[in-house]
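Take a look at the structure below.
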2 protein chains.
Amino acid sequence: MPIDRRPLREQIREELLSRLDRGHFAAGTDINEVALAAELGVSRTPLREALITLAGEGVLESNQGRGFRFAPVSRKEFRELCEIVAGLEALALDRSDPAYLREIAPELLRLARDFPDRIAEQHVIERHDDEWHDLLVSGCRNERLIDLITSVKAGLRRYAHLLAGDDTPLEREAAEHCRVAELLMSGDQAAAVQALRDNWVNGMERMMSRIPST
Amino acid sequence: MPIDRRPLREQIREELLSRLDRGHFAAGTDINEVALAAELGVSRTPLREALITLAGEGVLESNQGRGFRFAPVSRKEFRELCEIVAGLEALALDRSDPAYLREIAPELLRLARDFPDRIAEQHVIERHDDEWHDLLVSGCRNERLIDLITSVKAGLRRYAHLLAGDDTPLEREAAEHCRVAELLMSGDQAAAVQALRDNWVNGMERMMSRIPST
DNA sequence: TTCCTGTGTTTTGTATTCAGAATTCATAGT
DNA sequence: ACTATGAATTCTGAATACAAAACACAGGAA
């Protein structure tokens, strides 16, 4: 097996995002660099590099002399991020090869129908949702755009755990995914783009009430 | 006067971008950290932090064990970046307050007509162009989006100097800006959004031929 | 009491040092 | 002549050390 030869800052970044998904960090709390570095078993240098990367992605914020902290969640920011990702994914879908889209449409439909039912754990659901969106935009040849989407979505991870609990949102989500897939199968790309936008807007609305008003 | 109390990494980042604008760095060349740090009069630590930030923005690329280098320019990447910025600015304009847009439309028109003539130096033209676009999206309340646009545009800076020389592109650019402004004055926001997209697409086409084929 | 001030502690920001990977160059073997 | 091997060098990646800013708290003056 190939051994992991990526720089530590990247591994640290992923570990932190993973912990964020699992709700390890409360939004708005400061990060103690020495403590976190010790916990991760690395020195402060690569840890700070990871923190700076995450700050660039909007997951963290930094203040001069006060270090880093997880940016507090807010409805405003969540709306802004959803708006951006909606626009970017729509753009990606719009610029995808129609033939390729028709090709993957059945798989998209299958995934949408296989949406994990209520018994599934939180992170399983999220992974499944990500998988669907990733496949959807996989036909876009604009690599920069794909990277950007991934990066902006990292900022959304702070909101993921808020989804836990209720089931009806998931069913709606699945239904909307089905609709996008069906439109792609019928070859109506423009309509699919619009349906995707709607999916994001609706998903945003569904989450909105769960976000503490600040 | 207030003294500069921002972290070094930010100052370094701006200095590097500024030098990039002035063509100090040839695209595709490696960065020697010790040499550059010495030249800037700082240590490698904050320099590396700035480099990592720039890598996150796509201005630089990094390879394990090989450090950082200015990402080589390519038509593909340029097209990708323009497509993204076009989409983002269009989104920003679309989500702006119509009343505010009508308010700034005259100023936008004035700026477009005052487009520096051929005698002006390169960086004056670029600054002027940036100013126009910044004002255009200044009415967008999506702060995250504004930041993102700024960040993606940093990646475009590597292409700015290629614009030097020819004049007709500038006249076209000015004419298109006028058109956007006029549409905003007439209150037709949707048409203005489309004109802005066209502006980016056309600008991209105008630049395309100037980019070395690899 | 309340507010200011000064001192000690904690934590970040920056510099320096150390270790290891990549590159270069010289040399030996085919 | 060309390739392969290996040592020397250069540079990055990571750890540690140092400096300075922010924070906490105690003591004193209004």
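Because the structure is predicted, anything quoted here is derived from the model rather than measured. All chains are named by letter (A, B, ...) in the order of the sequence lines, taking the proteins before the strands, and each is independently numbered beginning at 1.
- Residue D30(B) is out of contact with every strand shown, counting any heavy-atom pair closer than 4.0 Å.
- Under a 4.0 Å N-O distance rule, the pair E131(A)/R127(A) does not qualify as a salt bridge.
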### Message
Between F68(B) and I52(B), does the side-chain contact (heavy atoms from CB on, under 4.5 Å) criterion hold? Intermediate values first, please.
### Response
CA-CA 8 Å; F68(B) 299 87; I52(B) 286 167; 3.7 Å; yes

Review item, nucleotides 8-11 of chain D N/O atoms under 3.5 Å of protein N/O:
| unit_1 | atom_1 | unit_2 | atom_2 | d |
| --- | --- | --- | --- | --- |
| dC11(D) | OP1 | N32(B) | ND2 | 3.1 |

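- Remark: P of dA22(D) and CZ of R69(A) are 16 Å apart, rounded to the nearest angstrom.
- Contacts of residues 40-50 of chain A with DNA chain C (heavy atom under 4.0 Å): R44(A), R48(A).
- Between S74(A) and R79(A), every side-chain heavy-atom pair lies at or beyond the 4.5 Å cut-off.
- A side-chain donor from one of E83(B) and N142(A) sits under 3.5 Å from a side-chain acceptor of the other.
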### Query
Under the side-chain contact (heavy atoms from CB on, under 4.5 Å) criterion, do I31(A) and R69(A) qualify, and how do the steps go?
CA-CA 5 Å; I31(A) 288 178; R69(A) 66 172 194 168; 5.5 Å; no

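- In summary, E173(A) and R206(A) engage in a salt bridge, as defined by a charged side-chain N under 4.0 Å from a carboxylate O.
- In this structure, Q64(A) atom CD and dT12(C) atom P are separated by 13 Å, rounded to whole Å.
- If you check every strand for non-hydrogen atoms under 4.0 Å, R5(B) touches sugar and phosphate atoms only.
- Atoms CG (L8(A)) and P (dA21(C)) sit 13 Å apart, rounded to a whole Å.
- Looking at E89(A) and R197(A), no side-chain N of the basic residue comes within less than 4.0 Å of a carboxylate O on the acidic one, giving no salt bridge.
- Note on ring orientation: taking the six-membered ring where Trp is involved, the planes of Y159(B) and F78(B) are tilted (angle from 30° to 60°).
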